[in-house]
Number of protein chains: 2
Amino acid sequence: MASLDDVAREAGVSASTVSRALSRPSMVSEPTLLRVRAAAERLGFRANPAARALTTGRSGFFALLVPDLDNPFYSTTATAAQELAGRSGRRVIIAVTGGDADREAEVLGELESQVDGFALQSPVGSAADLKEAHRRKPLVVINRRVPGLTSFTVDTPGGLGTVYDRLVELGHRDVAYLAGPPSSWMDRRRREELVEHAARSRLRVRVFGPVRPAFAEGAAAAREIVDSGCTAMLVYNSLLLLGAMFEFGRMGVRVPEDISVAAADDIALADLPGPPISAVLAPADELGRAAVSALVEMVDGPAGTRPRGRRLPTEVRITDSLAPPRTAHG
Amino acid sequence: MASLDDVAREAGVSASTVSRALSRPSMVSEPTLLRVRAAAERLGFRANPAARALTTGRSGFFALLVPDLDNPFYSTTATAAQELAGRSGRRVIIAVTGGDADREAEVLGELESQVDGFALQSPVGSAADLKEAHRRKPLVVINRRVPGLTSFTVDTPGGLGTVYDRLVELGHRDVAYLAGPPSSWMDRRRREELVEHAARSRLRVRVFGPVRPAFAEGAAAAREIVDSGCTAMLVYNSLLLLGAMFEFGRMGVRVPEDISVAAADDIALADLPGPPISAVLAPADELGRAAVSALVEMVDGPAGTRPRGRRLPTEVRITDSLAPPRTAHG
DNA sequence: TTGAAAGCGCTAACAG
DNA sequence: CTGTTAGCGCTTTCAA
């Protein structure tokens, strides 16, 4: 593997000139620049990242902590984050925490010296712990709002509100909500919104779950929800909804004739054949990109830079998967 | 952040002694060891990975290249690989290639100087390119067999054979195979097996697809398969099968009364309510762990060590999702 | 068993 | 604009 010195020799300049030419081209004269580049090219030079990290104190890595990779919402965020980071020559280390607070803290500690910043997807640790971690390294939070930290969330509760309104309009009174993991900040927010809506309308909401956001869990909950007599079902995420609808199919329960359905995100719901399903569309990829941009700002900007977080808007897709309740037909 | 020197001062020894105590404890006397450990503990010392990498030439990172993270088979492999690597203080960098050969090569190049070895999940590059990459860094292949490289595969074709046999026994003659991505080596192997089986029995096999292994694609293919008159359906993976069954539910097609089904892996099929579904169970997590162990061997062993690859056995689960064809009933 | 010293490959003052 | 000089924090001979 060619080193900086090899390139310097090849180009007939000093090592520092090569270093400058390659990382701050504007500090070098045109002809030198070209000569260095040519030499580097010829030798197939690639800067040793460890050496660079040692001098600069920056590794070029960001860590993205995710509860799991099976949830397509997370894997979408992760893929997008990685893609954007790659454009500026950085890499994203994805670490799976299992949604466990201890594991999360552990990973944070282990990675602290290896990365330039952290993005935490739906972290479960206490706000105090997260802020403490942020004192040591730039850190942004995804899918949860932590005062004092740059947070990126999606306005899913607002979107759900729109869906509730539509259900009221259609004449539903008994609505099921199939809840996601209890440790999820977003699920809490969604339930709050739901309770609020229920309070100011004739809507009765029955909460089912909480469950892990997996296909099989949605399927497992389907019968109970149907038996409860609810005429509409809102679901924590699309994976659960698909699972529930899968079971509806086997049970002979029809959508929307027998039950109206909508989910809180639409990963995997897209491109489904047949009539589209109502959903609150959350830009999972946008979330990943926003987190990375913020981290880049924090790392490149003056120390202590703390970019504003954002709440990304959702798109509410209301389709014929919402219909008047059976009893309302007569 | 405390450095080795800080610990040395705190413990009243030299930096080299601290280094030895922490990485090769047997080279240090008992009392010194204890003193050093205590000092390190007190200061919360963590070795700077960049410095260590610079001297040793090893980063402690492995790279795992995966086509995508949405496929639960891959995310399972990745999670297991990461978990096992963590136990020996190593990390796995997951890089998403999109199943694109150019991207795969690019990532291989970019990461070459950052990692100690590569694990390639279902790589699409030519065997020559993979071998070339292996000359530069330890490399193992998952889900594809490349002569001359340590490869870990699963005997899914063999498992599928068992399923075919059962279908023949039950009296099926027209079987559908919903194929996965054409670039997939495993899909090719499965189709070969299928053709072979068809040749030596009365089984007629119709191939549908190829499709991306996604839920929606399975759903999209369902109608065509039913309309084809096939009485049984084998599917590239469980995600596709779930999608197809989802659509069957909406169409009123019953399993197994109207069509028998089985899939080539069972991620996401497990824990489903109702009667279990026939599947060739592939140990995705075992694959990830095998790859990491092999890499560890290669890195720790003498240069040029090349552990034997393995073909992991599958478990064939045959259930009532396979039944005699409708026409056979009379 | 321990310490001193050199050096991994790069960047960043500091002169010139 | 370019070269010289010091390290970054660790591991590893080599001597003691």
Side-chain angles (χ1 to χ4, degrees), chain A residues 1-40 43-61 89-90 110 112-116 137 299-300 302-303, chain B residues 1-37 39-40 43-61 89-90 110 112-116 299-300:
Chain A
M1 188 86 274
S3 81
L4 208 61
D5 280 310
D6 299 329
V7 179
R9 210 168 306 122
E10 175 83 9
V13 295
S14 76
S16 16
T17 300
V18 176
S19 173
R20 283 191 280 257
L22 265 25
S23 35
R24 247 94 63 76
S26 65
M27 294 185 71
V28 155
S29 76
E30 188 71 16
T32 327
L33 180 57
L34 293 176
R35 243 165 353 117
V36 170
R37 281 198 177 143
L43 271 46
F45 170 77
R46 295 215 142 154
N48 177 325
R52 172 173 289 169
L54 187 55
T55 35
T56 60
R58 299 219 230 105
S59 65
F61 284 121
R90 282 172 253 250
E110 283 173 7
E112 189 189 310
S113 52
Q114 318 224 21
V115 304
D116 303 336
K137 284 277 171 176
V299 168
D300 287 350
Chain B
M1 188 85 275
S3 82
L4 208 61
D5 282 310
D6 299 330
V7 180
R9 210 167 307 121
E10 175 83 9
V13 295
S14 76
S16 12
T17 300
V18 176
S19 172
R20 283 191 279 256
L22 266 25
S23 34
R24 248 97 59 80
S26 64
M27 296 186 68
V28 153
S29 75
E30 188 70 17
T32 330
L33 180 58
L34 294 176
R35 252 180 331 131
V36 171
R37 281 199 177 142
L43 270 48
F45 171 76
R46 296 215 142 151
N48 178 325
R52 172 172 290 169
L54 186 56
T55 36
T56 61
R58 300 218 230 103
S59 65
F61 284 121
R90 282 172 251 251
E110 284 173 8
E112 189 188 310
S113 52
Q114 318 224 20
V115 304
D116 304 335
V299 168
D300 286 350

Minimum heavy-atom distance A:V115-A:K137, with the two atoms named: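 Closest heavy-atom pair between A:V115 and A:K137: O-NZ, 3.0 Å.
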For a quick test of reading the model, state the closest non-hydrogen atom pair linking A:A39 to A:E10 and the distance between them.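 Where A:A39 meets A:E10 most closely, the heavy atoms are CB-CG, 3.5 Å.
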Nearest to the side chain of [X] - [options]?
X	options	value
A:V13	C:dC10, D:dC10, D:dG3	D:dG3
A:S14	C:dG9, D:dT4, C:dT1	D:dT4
B:T55	D:dT11, C:dT2, D:dC8	D:dT11

Rounded off to whole Å, could you give me the [atom1]-to-[atom2] distance for the [X] and [N] pair?
X	N	atom1	atom2	value
B:D5	C:dA5	CG	P	14 Å
A:M27	D:dG3	CE	C1'	13 Å
A:Q114	D:dC10	CD	P	13 Å
B:M1	D:dG9	CE	P	11 Å
B:L4	C:dG3	CG	C1'	13 Å
B:R52	C:dG7	CZ	P	22 Å
A:R58	C:dA12	CZ	C1'	13 Å
B:E30	C:dT1	CD	P	11 Å

Examine D:dT2: is either OP1 or OP2 under 4.0 Å from a nitrogen or oxygen in the side chain of A:T32? Give yes or no.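 So the side-chain polar atoms of A:T32 do come within 4.0 Å of the phosphate oxygens OP1 or OP2 of D:dT2, strictly under.
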Does a nitrogen or oxygen in the side chain of A:S16 sit under 4.0 Å from OP1 or OP2 of C:dA12?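 For C:dA12, OP1/OP2 do not have a side-chain N/O of A:S16 under 4.0 Å.
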Quick check for you: to the nearest 0.5 Å, what is the distance between A:L4 atom CG and A:R9 atom CZ?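 Interatomic distance, A:L4 CG to A:R9 CZ, rounded to 0.5 Å: 10.5 Å.
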Inter-residue atom distance B:M27.CE - B:S19.OG, 0.5 Å rounding: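 Reported to 0.5 Å precision, the distance equals 9.5 Å.
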Report the residue (A:T56 or B:L54) whose heavy-atom-nearest nucleotide on DNA chain C is the more 5′ of the two.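 Its nearest nucleotide being more 5', the pick is B:L54.
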Would you say the side chain of A:D300 lies within less than 4.5 Å of the side chain of A:R58, judging by non-hydrogen atoms?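 Sidechains of A:D300 and A:R58: in contact.
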Measuring only between side-chain heavy atoms, which start at C-beta, is B:V36 closer than 4.5 Å to B:V28?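 Answer no - side chains too far apart.
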Examine distances only and state if a side-chain atom of A:S59 and a backbone atom of A:A53 form a donor-acceptor pair shorter than 3.5 Å.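 Answer holds: no.
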Could you identify which residues of residues 17-26 of chain A place a heavy atom less than 4.0 Å from some atom of DNA chain D, listed by residue number, or say none?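 Those residues are A:T17, A:R20.
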If you look at every strand shown and take non-hydrogen atoms under 4.0 Å, does B:A50 touch a base, only sugar-phosphate, or nothing?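 No contact at all - B:A50 keeps every heavy atom at 4.0 Å or more from the nucleic acid.
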